[in-house]
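A short worksheet on the structure shown next.
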Amino acid sequence: MKKKVNYLKNPVFQQDNATLTCDSAVFYSERNYFEAYKNVHINQLTTNIYSNQLEYDGNKKLAHLTGNVIMDDQQSILTTEILDYNTLSKIGTYTKGGKIVNKEVTLTSKNGYYFSGTSDAYFKYDVVVVTPQTTIKSDTMSYNTKSKWTFFYGPTNIKGKDDNLYTENGQYNTTSEDAFFGKKNLYTQGTRSLKGDSLYYYGKKGIGKAVKNIVFSDTKDKMKMFGDLGYYYKADQRTLVTRNAYLGIGTADSIMVKNRKRPDSLWMGADTLETQMVLQKTLKLIPKISIKADNEIGEDEEDGDALKEKKELPEQAKTEVKAKEGKSKRNASKNAKNKTNDESSVLDKNKILPEILEDSLKIKVDSLSKNISLNNDSSKNSNVLKSKADSIVKNLPKLKADSLQKTIVEKSASAIKTVGKLIPDSLQKSVTKSGVINNVVKAVGNLKLNGIKKDSVKFNPADTIQARVIRAYHGVKIYKTNIQAKTDSLFYTSADSTLRCYINPIIWSEGSQQVGDTIYVQFKNKKLNNLQAFKNAFLVNTPKDSLRFNQIKGRYMTGFFNKGKLKTMYVDGNAESIYYTQDDSTKVYKEMNQTLSSRIKFIFKDDENDISDIVYIKGVEGALNPEVKIAKDNVLKGFSWKPTERPKQKKDAIGSSGKAKPKTKIKPKAPLGKPIIAAKPSSKILLPKISLGKDTTGLQKTLKEALPAIISNKEIKPIIPKIDSLNKLKKEIKKL
């Protein structure tokens with residue numbers, strides 16, 4: 001049986017709300033199917049689709065378009081080589097590569113699914129989105145052409161002008177630049193990076209937010225900041241972190257761990273931490289200090305010169321300046337020939353420049369009048385005059401001296417009036433009507449705004465140098481192997497490598513504790529260098545295995561470190577001290593030295609925490625008292641000793657932040673009144689540790705009270721030793 005086939009020319013097909021036209025078609029009426037060729041056009045309400053060829057199944061309402069396919073729904077334009085489009089669901093699909101253009105956004109991918117009704121599009125494989133602000137590359141994503149929201153479902157890179165963000169799940173608005181990222185997020189900008197379980201970004205405001213497991217780092221400054229809640233402000237490059245906030249700063253010091261040298265970083269914890277990049281010229285830097293002749297403390301000359309160089313000009317800028325100077329010297333001989341002419345032109349510029357302007361205007365207006373005379377149409381003359389006037393204004397000399405302003409305007413006005421006489425009488429009306437002369441006069445009057453500028457200040461590259469600052473607020477704790485600290489607030493900048501501690505600061509180093517109203521701790525070449533305490537400065541030093549406290553008090557203290565240990569200390573202003581002396585052979589304390597001076601220098605021992613020597617620099621009063629006659633609580637006014645507040649390890653400074661602790665099984669405690677262990681008669685009994693001290697009376701009673709459960713057990717009969725001597729007692733305790 002022959003199939004019913006119709007060959008049609010310029011047909012028009014219609015089904016539901018869709019209309020199709022083409023140059024020619026083959027229609028299979030029984031199958032409700034046709035093939036269309038050349039200039040194929042499908043129109044469905046606001047959607048238009050164009051292609052070279054088409055196969056359409058009327059029963060399935062499915063169109064298969066090939067060759068230069070274009071789909072336009074007024075929101076965006078899709079171009080591809082092969083497109084399947086369902087006129088019922090308004091869904092377009094391509095698998096051989098396609099591109100969607102939506103105003104300023106261009107999207108390309110290998111596979112795509114476009115929902116015309118909802119303006120949603122899904123893309124797979126080699127997805128690239130280009131906007132004026134960013135370039136997005138993803139594996140899988142979706143995009144809504146109306147809301148401009150982009151959703152990511154796989155590895156994605158969002159590349160900005162100077163930054164990049166990687167994520168594996170998130171969403172981004174190409175218009176507002178607002179974004180949310182929720183999986184394996186990493187934001188990088190130069191040497192800086194930011195990680196977080198969840199990242200939010202508000203593009204127009206330039207504010208970012210990070211939640212949980214935040215890590216902000218800068219490889220240039222060797223700094224890492226951690227926390228559970230953070231904010232980033234792009235305008236001033238500021239990052240603020242709170243909730244379990246802490247940071248680490250790399251130093252050049254090292255420590256021995258299992259016979260191997262390891263970097264010794266400085267760790268800091270606080271309620272709130274903030275870091276920012278600022279212009280170095282806005283900071284009040286603290287110069288490095290050193291000991292000068294005659295025990296004077298002054299600015300380190302070598303470091304001071306380096307600091308001045310940084311303020312004046314960085315090395316790279318200096319090289320550029322030298323190169324320019326060399327080039328200018330090479331051209332000096334060439335310029336020498338024109339020196340006389342240049343000098344005369346500079347000297348006479350007040351006369352020459354206005355005259356040049358006058359001649360220029362005469363020539364241009366003369367040329368203008370000749371051009372006008374060729375055309376008798378007054379309306380056309382007016383347009384020609386306006387265009388020529390604009391040309392005159394654009395070509396006016398750009399001058400750079402305020403003193404020429406008045407002369408230029410006067411000469412220019414005179415020139416225009418003179419040249420105006422050159423214009424034929426028949427065209428005077430058109431010239432006046434077009435306002436050519438007025439426009440030129442106004443343009444000359446505005447030369448000050450457009451071209452004339454005052455002598456500008458020379459550009460100094462040092463003004464653009466940036467430095468990192470760190471601010472810490474409330475409950476600040478610091479841990480480093482050779483120094484620890486506690487303070488209410490702190491400020492640090494990489495420009496001078498100085499920790500500025502404010503409000504009740506306490507600094508610990510080896511066996512010394514330093515307090516003061518304000519304390520500076522400075523690093524040099526990333527190594528601990530010096531310490532300065534201002535107002536009410538008080539240092540307490542206690543040797544190892546001693547209950548005595550050496551005390552130093554004054555208005556201002558400066559301490560210097562050597563190989564990470566406090567070596568010397570200078571005390572200025574009502575310097576007071578209490579210092580205990582030892583017998584060199586027996587190491588027994590014999591005297592207390594109490595002094596008062598305007599300036600004292602203390603020298604500490606290299607391998608111990610004790611004071612080695614005292615040097616009285618300016619006027620001294622003091623007394624030596626036998627140690628046996630001194631009260632044990634003899635202290636200076638303002639004495640403070642707080643070893644319990646000292647961070648003894650990294651964890652004490654940063655808290656339990658960072659890595660989650662593994663869960664440990666808690667052993668159930670034995671109830672009171674029952675045996676601690678079910679021991680056999682031959683079992684060893686572990687006694688609790690007991691501080692013996694000097695007084696051993698009542699020890700039997702102490703032991704009985706410590707072992708009520710064991711004594712109540714009939715099978716176990718602990719032996720209470722007889723107390724003959726302290727040494728014998730210790731041996732008996734060890735045996736038990």
Side-chain angles (χ1 to χ4, degrees), residues 251-256 264 266 286 288-292 295-297 300 477-487 497-501 505-516 518-534 536-546 548-572 575-582 593 595 597 599-617 636 639-643 645-648 653:
T251 69
D253 290 326
S254 60
I255 56 175
M256 296 299 294
D264 185 22
L266 184 147
I286 299 172
K288 300 290 191 299
I289 57 175
S290 61
I291 304 171
K292 305 295 182 181
N295 288 315
E296 291 296 327
I297 298 171
D300 192 318
K477 290 185 178 181
I478 296 173
Y479 176 81
K480 191 176 179 294
T481 304
N482 53 9
I483 191 169
Q484 300 82 41
K486 179 184 177 182
T487 184
S497 303
T498 303
L499 296 167
R500 301 161 173 83
C501 304
I506 307 176
I507 307 292
W508 293 273
S509 176
E510 297 294 333
S512 300
Q513 173 189 286
Q514 175 76 65
V515 299
T518 301
I519 298 178
Y520 292 168
V521 179
Q522 194 169 62
F523 293 79
K524 184 177 181 180
N525 299 325
K526 294 190 178 295
K527 289 186 177 182
L528 190 59
N529 182 259
N530 65 75
L531 176 151
Q532 301 173 71
F534 306 92
N536 301 314
F538 203 118
L539 183 138
V540 179
N541 167 266
T542 176
K544 292 181 180 178
D545 302 325
S546 175
R548 292 164 181 80
F549 298 99
N550 297 323
Q551 303 161 51
I552 305 170
K553 178 183 178 183
R555 284 201 299 267
Y556 174 71
M557 289 188 188
T558 306
F560 293 91
F561 292 84
N562 182 26
K563 295 181 180 180
K565 293 185 178 181
L566 188 61
K567 182 61 179 175
T568 57
M569 173 71 73
Y570 289 84
V571 185
D572 293 276
E576 297 182 62
S577 69
I578 291 179
Y579 167 55
Y580 293 88
T581 60
Q582 287 179 299
N593 186 355
T595 60
S597 175
R599 190 159 196 250
I600 307 176
K601 174 185 177 181
F602 295 86
I603 302 173
F604 294 83
K605 295 180 180 179
D606 292 335
D607 300 326
E608 300 180 24
N609 299 323
D610 199 0
I611 295 174
S612 172
D613 195 11
I614 302 177
V615 179
Y616 303 101
I617 300 174
L636 297 175
F639 175 85
S640 175
W641 179 246
K642 300 179 179 179
E645 299 181 16
R646 180 177 187 172
K648 296 180 180 179

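Values reported hereafter were calculated over all heavy atoms of this structure, with side chains retained and with hydrogens, waters and symmetry mates removed.
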When rounded to the nearest 0.5 angstrom, what distance separates [atom1] in [X] from [atom2] in [Y]?
| X | Y | atom1 | atom2 | result |
| --- | --- | --- | --- | --- |
| K605 | L566 | NZ | CG | 14.5 Å |
| S640 | L539 | OG | CG | 11.5 Å |
| T542 | N550 | OG1 | CG | 7.5 Å |
| S497 | K524 | OG | NZ | 11.5 Å |
| I552 | I578 | CD1 | CD1 | 11.0 Å |
| C501 | I478 | SG | CD1 | 5.0 Å |

Please check if the distance between the ring centroids of F639 and F549 is under 6.0 Å.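 Between F639 and F549, the centre distance is under 6.0 Å.
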Where [X] and [Y] come nearest, the two heavy atoms and their spacing:
| X | Y | answer |
| --- | --- | --- |
| N525 | A252 | O-CB, 3.6 Å |
| G516 | P505 | O-CD, 2.9 Å |
| V571 | A575 | CG1-CB, 3.6 Å |
| L636 | Q551 | N-OE1, 2.8 Å |
| F604 | S512 | CE2-OG, 4.1 Å |
| A485 | I507 | CB-CD1, 3.4 Å |

Residues I483, L499; criterion side-chain contact (heavy atoms from CB on, under 4.5 Å); working and verdict: CA-CA 12 Å; I483 191 169; L499 296 167; over 6 Å; no
Below 4.0 angstrom, N of the basic side chain to O of the carboxylate: do D253 and K527 qualify?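 Salt bridge: no.
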With heavy-atom distances below 4.5 Å as the criterion, would you say the side chains of [X] and [Y] are in contact?
| X | Y | result |
| --- | --- | --- |
| N541 | F602 | no |
| K601 | T568 | yes |
| P647 | W508 | yes |
| Q514 | M569 | yes |
| P643 | E645 | no |

Taking Q522 for its side chain and I286 for its backbone only, find out whether a donor-acceptor pair lies under 3.5 Å.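 Looks like yes, one N/O pair under 3.5 Å.
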So, does T251 use its side chain to make a donor-acceptor pair with the main chain of D264 at under 3.5 Å?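 It does hold such a pair.
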Residue that, paired with Q484, satisfies side-chain hydrogen bond (donor to acceptor under 3.5 Å, both in side chains) out of R646, Q513, K648: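 Answer to the side-chain hydrogen bond (donor to acceptor under 3.5 Å, both in side chains) test with Q484 among R646, Q513, K648: R646.
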Against F523, only a single residue in L266, N529, T498 fulfils side chain to side chain contact (heavy atoms under 4.5 Å, CB included); can you say which?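 Of the listed options, the one satisfying the test is L266.
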Above 12 or not: heavy atoms from other molecules or residues under 6.0 Å from CG of D613?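 Counting neighbours around CG of D613, more than 12 heavy atoms of other residues, nucleotides or ligands fall under 6.0 Å, so yes.
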Per-pair distances, 0.1 Å, donor-acceptor, side chain in residues 556-563, under 3.5 Å, sequence neighbours excluded:
unit_1: Y556; atom_1: OH; unit_2: Q532; atom_2: OE1; d: 2.9
unit_1: Y556; atom_1: OH; unit_2: T558; atom_2: OG1; d: 3.1

